[in-house]
Amino acid sequence: MSARDDIIAAVREGLKRGQGGALPRRAPAEIRAEAAALLAGLDEIRPSLVTPDPVEAFIQKCANPALGVTLDRVAGWAALPQAVTGYLDRHELPHRLAVSGDPRLSALGPGIETHAPCAPDEAAAISIASWGVAETGSVVIHSAPDQPILNAMLPRHWLVVVEAAKILPFLDDYATFASLRPRNAVLITGSSGTTDIEGYFVRGAHGPGFVHVLLIG
Amino acid sequence: MGAPEKSENFKQRAHDALADPNLKTAIERTTGTAETKRAAAIGAFPEFQAARVRGAAIKDHVIANLDHYLIEFERNATEAGAHVHWARDAKEAAAIVTRICTEAEAKIVTRAKSMLGEEIGLPHALEDAGIERVETDLAEHIIQLAHERPSHIIWPAMHRTREDVAELFFKDHQPPPDADDPASMVASARRVLREKFMAADVGISGANFLVADTGATCTVTNEGNAELSTTPPRIHIVTAGIEKLVPSTDHAMALLRLLVRSATGGEVTQYTTFHCGPKRVGDADGPEEMHIVLVDNGRSRMVGDEFRQMLRCIRCGACMNHCVVYRQIGGHAYGGTYPGPMGAVLTPVLDGLAASRDLPHACTLNGRCEEVCPVRIPLKTLLKAWRVRSWDSQQEVGAVRMGLGIWGFAARRPRLYHFGTRLALPVMRLFGKGGWIRKMPLAGGWTETRDLPKPAARSFMSQHAKYGNGGPK
């Protein structure tokens with residue numbers, strides 16, 4: 001027998017033993033219904049938002065110093081170049097960004113030089129997140145032709161744009177979108193960090209040491 | 001890389017660990033912080049108790065339908081373009097991974113920390129196959145340089161002080177770190193490992209969850225090393241135990257809330273990534289091949305007995321952070337892949353009870369591990385179950401059996417028992433100084449590494465006989 005058959009047979013044998021000798025065969029629909037019932041009454045098993053408005057809650061979460069995130073509210077897409085330039089100037093960075101093929105980023109304006117792909121030692125890159133999550137202050141990116149995952153991982157400074165209309169209240173609200181099944185769905189919450197040396201928290205372990213959220217609208 | 005030691009030499013290793021004051025300091029720093037941060041995170045999550053009841057129910061549901069979920073996961077992962085492999089045991093699993101690497105003519109392999117990888121002996125297997133293995137988690141990088149095994153499932157280098165790390169990095173990093181403070185050392189590791197990330201042929205990760213209805217595997221990290229290990233190389237290999245299944249991403253989220261708070265005291269890790277198949281047509285980046293190795297290695301046996309409940313474990317490490325024994329002896333003393341209370345339950349499954357019977361005995365049964373376990377594993381009960389099996393299978397040595405026999409004889413005869421203590425306590429008090437006994441005949445096993453409290457001047461029983469239930473007026 002193949003390893004697969006052996007393992008499944010051993011699991012069934014174990015289940016039979018554990019259930020007193022018989023393995024009740026249940027229809028997949030029945031198993032699905034039981035699994036769904038385990039998620040009933042989600043409010044009883046998840047924390048409540050710091051404030052009922054998801055956008056406000058997201059902003060407050062991002063203000064938590066433990067996340068290592070800064071956030072700017074941007075009036076609209078037209079105001080994005082100015083907000084980006086402002087950030088780069090505050091950190092004394094050149095007006096140079098790694099971008100993806102997303103057309104909304106190629107039009108960042110004449111004052112900002114954009115290029116692709118992101119270099120291993122890139123100073124700054126910008127991405128557009130598909131969603132934000134108010135519960136945790138996370139942003140979510142799905143890999144795609146115009147969404148390189150490495151742009152979020154390689155630079156020292158990562159700028160991420162998210163629309164206020166795309167802020168979801170809870171992690172569970174994002175889970176619905178998992179059915180899109182991109183190669184990579186990454187929930188990013190703050191900057192990269194480690195506590196591996198004597199528990200000291202150090203930022204910028206492998207991923208970005210600085211994460212700046214540009215919240216549009 | 002140190003080979004996993006035999007769990008059978010536990011007593012000697014525990015003795016050596018107790019005699020090492022630096023080790024105790026190093027462990028206490030990290031576990032102490034972990035305990036405080038977890039308590040704060042749980043305090044800010046009033047729904048925690050309800051959530052852990054539900055978390056346990058989710059895992060129980062998965063185990064009760066494990067065959068169904070394995071097949072569903074395999075179908076969906078395959079549909080997403082991943083190759084699913086099955087391994088009956090550790091050897092088979094390590095062989096599958098090394099075969100994929102050698103067939104791909106891989107020279108450099110990056111690894112994102114995975115305890116399952118340790119369990120199946122992957123570090124050794126890769127080295128034996130002549131493949132350069134690069135550990136990318138900072139703590140794993142430290143212990144790779146020190147040729148050691150992880151001593152904790154969340155902080156593998158917990159036993160190493162900052163000074164130890166500086167010594168390792170100054171010796172091995174080219175160029176060396178700018179200074180010996182943690183920030184400079186982390187920056188140095190970032191520099192050194194960045195080149196490896198981009199040059200690797202294969203990236204290997206574990207999985208915190210296997211999502212049945214999407215076929216995705218989920219990793220959680222704070223450093224971002226999993227994404228950097230799995231995106232640039234041509235091949236991504238996942239090794240995961242078959243108990244890691246969850247029905248859906250929604251269920252993964254419910255467990256994620258429990259996992260991260262219990263492990264580090266955060267609400268969620270910095271990076272939570274779902275990997276679903278290889279790079280799609282037109283994708284900007286990602287591996288061309290994805291392989292998932294589903295590992296049994298004793299788990300299917302656990303499905304049928306009381307150790308089924310151990311399959312709930314989500315590997316948060318809270319049980320060891322709160323264990324009075326772990327905090328004295330550290331992780332290496334346990335000898336197996338998994339230390340602490342969860343390790344003392346799992347190691348006899350993985351290595352056999354004959355080789356690890358001391359582990360379930362290295363426990364005070366104070367129940368702290370059970371209280372903090374986010375999926376309510378009855379660790380105390382399971383440890384006792386191993387003790388019973390160990391006794392029943394005649395694995396206890398003659399002296400222990402005889403000692404317990406004498407104690408049992410006396411304990412069933414209260415008068416004899418009280419007579420014995422009346423004789424023994426005044427003698428013990430003769431050896432006490434300032435409330436503690438530093439040395440006493442027949443008690444060397446205890447007093448060599450710690451003091452014994454001096455018995456009170458009057459025993460509880462004698463005071464009870466004198467004052468009755470009301471106590472002294």
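First the proteins, then the strands, lettered A, B, ... as listed; each starts at 1. Predicted, not measured: the structure shown is a model, and the values here were computed from it.
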Query raised in the report: Would the number of heavy atoms belonging to other residues, nucleotides or ligands and lying under 6.0 Å from NZ of B:Lys196 be above 12?
Result: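 No - once you tally the heavy atoms of other residues, nucleotides and ligands closer than 6.0 Å, there are 12 at most.
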
Query raised in the report: So with a 6.0 Å cut-off around CD of B:Glu163, is the heavy-atom count from everything else above 12?
Result: yes

Checking heavy atoms, do the side chain of [X], its backbone, both or neither come under 4.5 Å from chain A?
X        : result
B:Ile242 : side chain
B:Asn76  : both
B:Ala26  : neither
B:Thr161 : both
B:Glu74  : side chain
B:Ile58  : both
B:Leu138 : both

Using non-hydrogen atoms only, which part of [X] is less than 4.5 Å away from chain B: side chain, backbone, both, or neither?
X        : result
A:Lys61  : side chain
A:Arg32  : neither
A:Pro182 : backbone
A:Leu67  : neither

Over all heavy atoms of both residues, which pair between [X] and [Y] is shortest? Give the atoms and the distance, please.
X        : Y        : value
A:Val202 : B:Ala183 : CG1-CA, 3.7 Å
B:Trp86  : A:Ala3   : O-CB, 3.4 Å
A:Ile7   : B:Leu294 : CD1-O, 4.4 Å
A:Thr195 : B:Lys37  : CG2-NZ, 4.5 Å
A:Leu38  : B:Ala57  : CD2-CB, 3.6 Å
A:Ile8   : B:Asp67  : CG2-CB, 4.4 Å

Side chain [X], main chain [Y], donor-acceptor under 3.5 Å:
X        : Y        : value
B:Arg162 : A:Tyr200 : no
B:Arg280 : A:Ala144 : no
B:Gln270 : A:Ser192 : no
B:His251 : A:Ala36  : no
A:Arg183 : B:Asp283 : no
B:Arg54  : A:Ala40  : yes
B:Glu223 : A:Thr194 : no
B:Arg88  : A:Arg4   : no
B:Arg308 : A:Gly14  : no

Flag the one option from [options] with the top tally of heavy-atom pairs under 4.5 Å to chain A.
options                                : value
B:His68, B:Met198, B:His141            : B:His68
B:Ala254, B:Ala50, B:Pro182, B:Pro247  : B:Pro182
B:Cys276, B:Ala216, B:Gly224           : B:Cys276
B:Arg29, B:Arg190, B:Arg52             : B:Arg190
B:Lys279, B:Glu195, B:Arg191, B:Arg194 : B:Arg194
B:Pro46, B:Ala64, B:Gly32, B:Ala44     : B:Ala64

I'd like to verify something: which residue of [options] has the highest number of heavy-atom pairs under 4.5 Å with chain B?
options                              : value
A:Arg181, A:Glu135, A:Glu44, A:Arg17 : A:Arg181
A:Ala175, A:Ala185, A:Gly190         : A:Ala185
A:Ala10, A:Pro145, A:Ser2            : A:Pro145
A:Val211, A:Asn184, A:Asp43          : A:Asn184
A:Leu39, A:Ile141, A:Ile149          : A:Leu39
A:Pro148, A:Gly209, A:Ser100         : A:Pro148

Requested in this report: Test B:His61 against A:Glu34 for side chain to side chain contact (heavy atoms under 4.5 Å, CB included), laying out the working first.
Outcome: CA-CA 8 Å; B:His61 164 82; A:Glu34 190 181 290; 2.6 Å; yes

Reported [atom1]-to-[atom2] distance for the pair [X] and [Y], which is rounded to 0.5 angstrom:
X        : Y        : atom1 : atom2 : value
A:Asp6   : B:Glu92  : CG    : CD    : 8.5 Å
B:Thr272 : A:Leu187 : OG1   : CG    : 5.5 Å
B:Asn65  : A:Glu30  : CG    : CD    : 9.5 Å
A:Arg12  : B:Ser300 : CZ    : OG    : 12.5 Å
A:His206 : B:Thr221 : NE2   : OG1   : 8.5 Å
B:Phe45  : A:Ile45  : CZ    : CD1   : 7.5 Å

Report task. From the options B:Val260, B:Val268, B:Asn222, select the one residue that forms a side-chain contact (heavy atoms from CB on, under 4.5 Å) with A:Thr189. Result ->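 Checked B:Val260, B:Val268, B:Asn222 against A:Thr189; only one passes side-chain contact (heavy atoms from CB on, under 4.5 Å): B:Val268.
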
Requested in this report: Compare all side-chain heavy atoms of A:Leu150 with those of B:Leu228 and state whether any distance is below 4.5 angstrom.
Outcome: yes

Query raised in the report: Can you check whether A:Met153 reaches B:Phe197 side chain to side chain, under 4.5 Å on heavy atoms?
Result: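 A:Met153 vs B:Phe197: side chains apart.
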
Query raised in the report: Would B:Glu267 and A:Thr136 count as having a side-chain donor-acceptor pair, cut-off 3.5 Å?
Result: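 A:Thr136 and B:Glu267 do not have a side-chain donor-acceptor pair below 3.5 Å.
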
Query raised in the report: Could you go step by step and tell me if A:Asp172 and B:Arg257 meet the side chain to side chain contact (heavy atoms under 4.5 Å, CB included) rule?
Result: CA-CA 11 Å; A:Asp172 316 278; B:Arg257 289 191 183 101; 2.6 Å; yes

